[in-house]
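Heads up, the thing below is written out as structure tokens.
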Amino acid sequence: MSDKKISEITHRLVRDQSFIMWCLTPTEELNAIWFSWLEEHPKEQLAADQARAILKSVRLNDFSVPADKSEQLWAGLQITMQKRHVGKRVRLIRYAAACVAVLLLGITGFGFWGESWFSQNQVADTGLIVDSTRTEVTLILDTRETVQVEDNALIAYDSEITVKAKEKERTIAKKVTEDDPEKIVMNTLVVPKGRRSSLLLEDGSKVWVNSGSILRFPSSFEPSQRSIEVEGEIYIEVARKEIPFYVKTKGFVVNVLGTKFNISAYEEEQESSVVLVEGHVAVETTNNETIQLLPNRKLTIQEGRNEIDEVDVYDYISWKDGLLQFRGETMDNILMRLSRYYNISIRCKSGIGDRRSSGKLVLFDDIHQVMETFSILYNTQYHFESDTLIIE
């Protein structure tokens, strides 16, 4: 599977809750829905076959779900699926989604979720501040025009600036080219908590921007260098050119020519990191220390020390595919990532936060679906107090 191109339709299908349930536990109702969809979209038959093959190959890891809990889940699911009352539909969807998440939590031996999806030297003080009141992805153009952008949309900079969201595409502006090449005016992409976005730069480099992040970039790069600024988290695939590419944060600068890597540099967190997927990068810190990084390595930057570790890089970039992959992480760390992803405050009682776990979790649109899975796996309960999610 890793040598085959995965289509965007396939990508969407393997994250569609109804499609997942159709592949794993087909019913008459699901058969009617999806056979009808295939009749209306005959050109997507190959993508559907590919998605089904992927989901059919899923199996549980040893650390995921004990046999008794697995049987309990499936027994409950089968009973629920037999109920036809309309009033039960919301509970059915949530329960089924939780079961699906449990099945996908701990996928092993499965290359699709991993590598196949990867197909100035002065540190800048960006002075970027995330507007905590902002709720939608916002693009502030170099003309100072402000445009709201759909969640998870791709913004492309070419002769025009276009936004591609799902099946729709719209032109939001003509790209402005500054007459004076020495005067570079930056655009700003603000991605609040609970939202994500991606950006295709004018040189062909692609950037995925995670929740709670700000990215500043020019409409056109300088002739001698390419440079962007970030606060938060991005995954970037830099187009290979002889012109150097710099990614600047408040704490360090990454210098590359063509490579794939993840940067996490949130203002509120004590440590930042660079995870190299492919190629070679040099990281210059505020202490004028230059650190060379090789593939499958993570550089952790913290005040007073820097560390390099060999890692599974997909643990750190799975967020761009709508997954949360973790390996031996504490519940505190997992919940912090979920809190940012869903833009919700999460608190857990003493003892729960120290538990460690490994697996993969599908990041469904509704956090209830995810928390129901957590409740089953970790024998916990959750409830909301005002706008805070409490786990106990």
Side-chain angles (χ1 to χ4, degrees), residues 58-73 97-110 113-115 193 210-212 233 235 262 264-266 268-275 277 296-302 305-342 344-364 367-383 388-392:
V58 172
R59 66 185 178 88
L60 289 175
N61 264 348
D62 294 338
F63 57 71
S64 55
V65 184
D68 58 340
K69 286 190 177 182
S70 180
E71 291 174 2
Q72 173 188 347
L73 283 169
C99 293
V100 171
V102 170
L103 278 175
L104 296 182
L105 184 74
I107 297 170
T108 186
F110 192 21
W113 297 115
E115 295 176 352
K193 291 182 179 180
N210 206 353
S211 303
E233 184 169 26
Y235 169 73
N262 192 86
S264 181
Y266 285 101
E268 68 272 18
E269 295 183 9
Q270 293 185 346
E271 67 176 41
S272 301
S273 66
V274 179
V275 177
V277 176
N296 302 312
R297 299 295 192 275
K298 175 193 177 187
L299 169 63
T300 302
I301 302 171
Q302 206 168 15
R305 65 179 178 88
N306 301 316
E307 293 183 356
I308 297 179
D309 299 293
E310 186 172 3
V311 296
D312 182 338
V313 294
Y314 199 64
D315 290 351
Y316 300 91
I317 68 173
S318 59
W319 59 267
K320 77 182 184 69
D321 294 329
L323 297 170
L324 178 60
Q325 177 165 296
F326 42 92
R327 193 179 309 271
E329 280 198 53
T330 64
M331 284 289 289
D332 277 338
N333 286 339
I334 296 169
L335 292 174
M336 178 183 67
R337 295 164 71 179
L338 287 174
S339 174
R340 181 183 295 124
Y341 194 94
Y342 289 101
I344 188 172
S345 176
I346 302 177
R347 295 206 320 262
C348 57
K349 286 197 171 181
S350 177
I352 296 178
D354 294 330
R355 299 182 187 178
R356 293 186 178 273
S357 182
S358 300
K360 297 184 182 181
L361 182 65
V362 178
L363 296 170
F364 293 117
I367 193 172
H368 285 278
Q369 299 167 357
V370 179
M371 296 317 302
E372 285 180 12
T373 302
F374 268 75
S375 297
I376 294 170
L377 292 177
Y378 299 106
N379 193 29
T380 60
Q381 295 180 339
Y382 75 94
H383 66 277
T388 300
L389 175 61
I390 308 296
I391 302 174
E392 55 190 11

[atom1]/[X] to [atom2]/[Y] distance, rounded to the nearest 0.5 angstrom?
X	Y	atom1	atom2	result
Leu389	His368	CG	NE2	8.0 Å
Glu329	Met336	CD	CE	8.0 Å
Arg347	Ile390	CZ	CD1	3.5 Å
Cys348	Arg355	SG	CZ	9.0 Å

Considering all heavy atoms of both residues, which atom of [X] and which atom of [Y] are nearest to each other, and what is their separation?
X	Y	result
Gly353	Thr330	O-CB, 3.4 Å
Leu324	Leu338	CD2-CD2, 3.9 Å
Ala265	Ser272	CA-OG, 3.6 Å
Gly212	Tyr266	O-CE2, 3.3 Å
Lys298	Ser273	CE-CB, 3.7 Å

Sequence neighbours left out, what passes side-chain hydrogen bond (donor to acceptor under 3.5 Å, both in side chains) with [X]? Give chain and number order.
X	result
Asn262	Glu233, Trp319
Glu307	Arg305
Ser339	none
Gln381	none

Listed by chain and number, what are the salt bridge (charged side-chain N to carboxylate O under 4.0 Å, His left out) partners of Asp312, not counting sequence neighbours?
Arg327

Non-neighbouring partners of Arg297 that pass salt bridge (charged side-chain N to carboxylate O under 4.0 Å, His left out), sequence neighbours left out
Glu310

Is [Y] close to [X] at the side-chain level, that is, under 4.5 Å between some pair of heavy atoms?
X	Y	result
Tyr316	Val311	yes
Tyr314	Asp321	yes
Ile308	Leu299	yes

Backbone of Ile391 reached by a side-chain donor or acceptor of Thr380 within 3.5 Å:
no

Who passes side chain to side chain contact (heavy atoms under 4.5 Å, CB included) against Ser345, sequence neighbours left out?
Thr388

Got more than 12 heavy atoms from elsewhere within 6.0 Å of CD, Gln270?
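12 or below, so no.
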
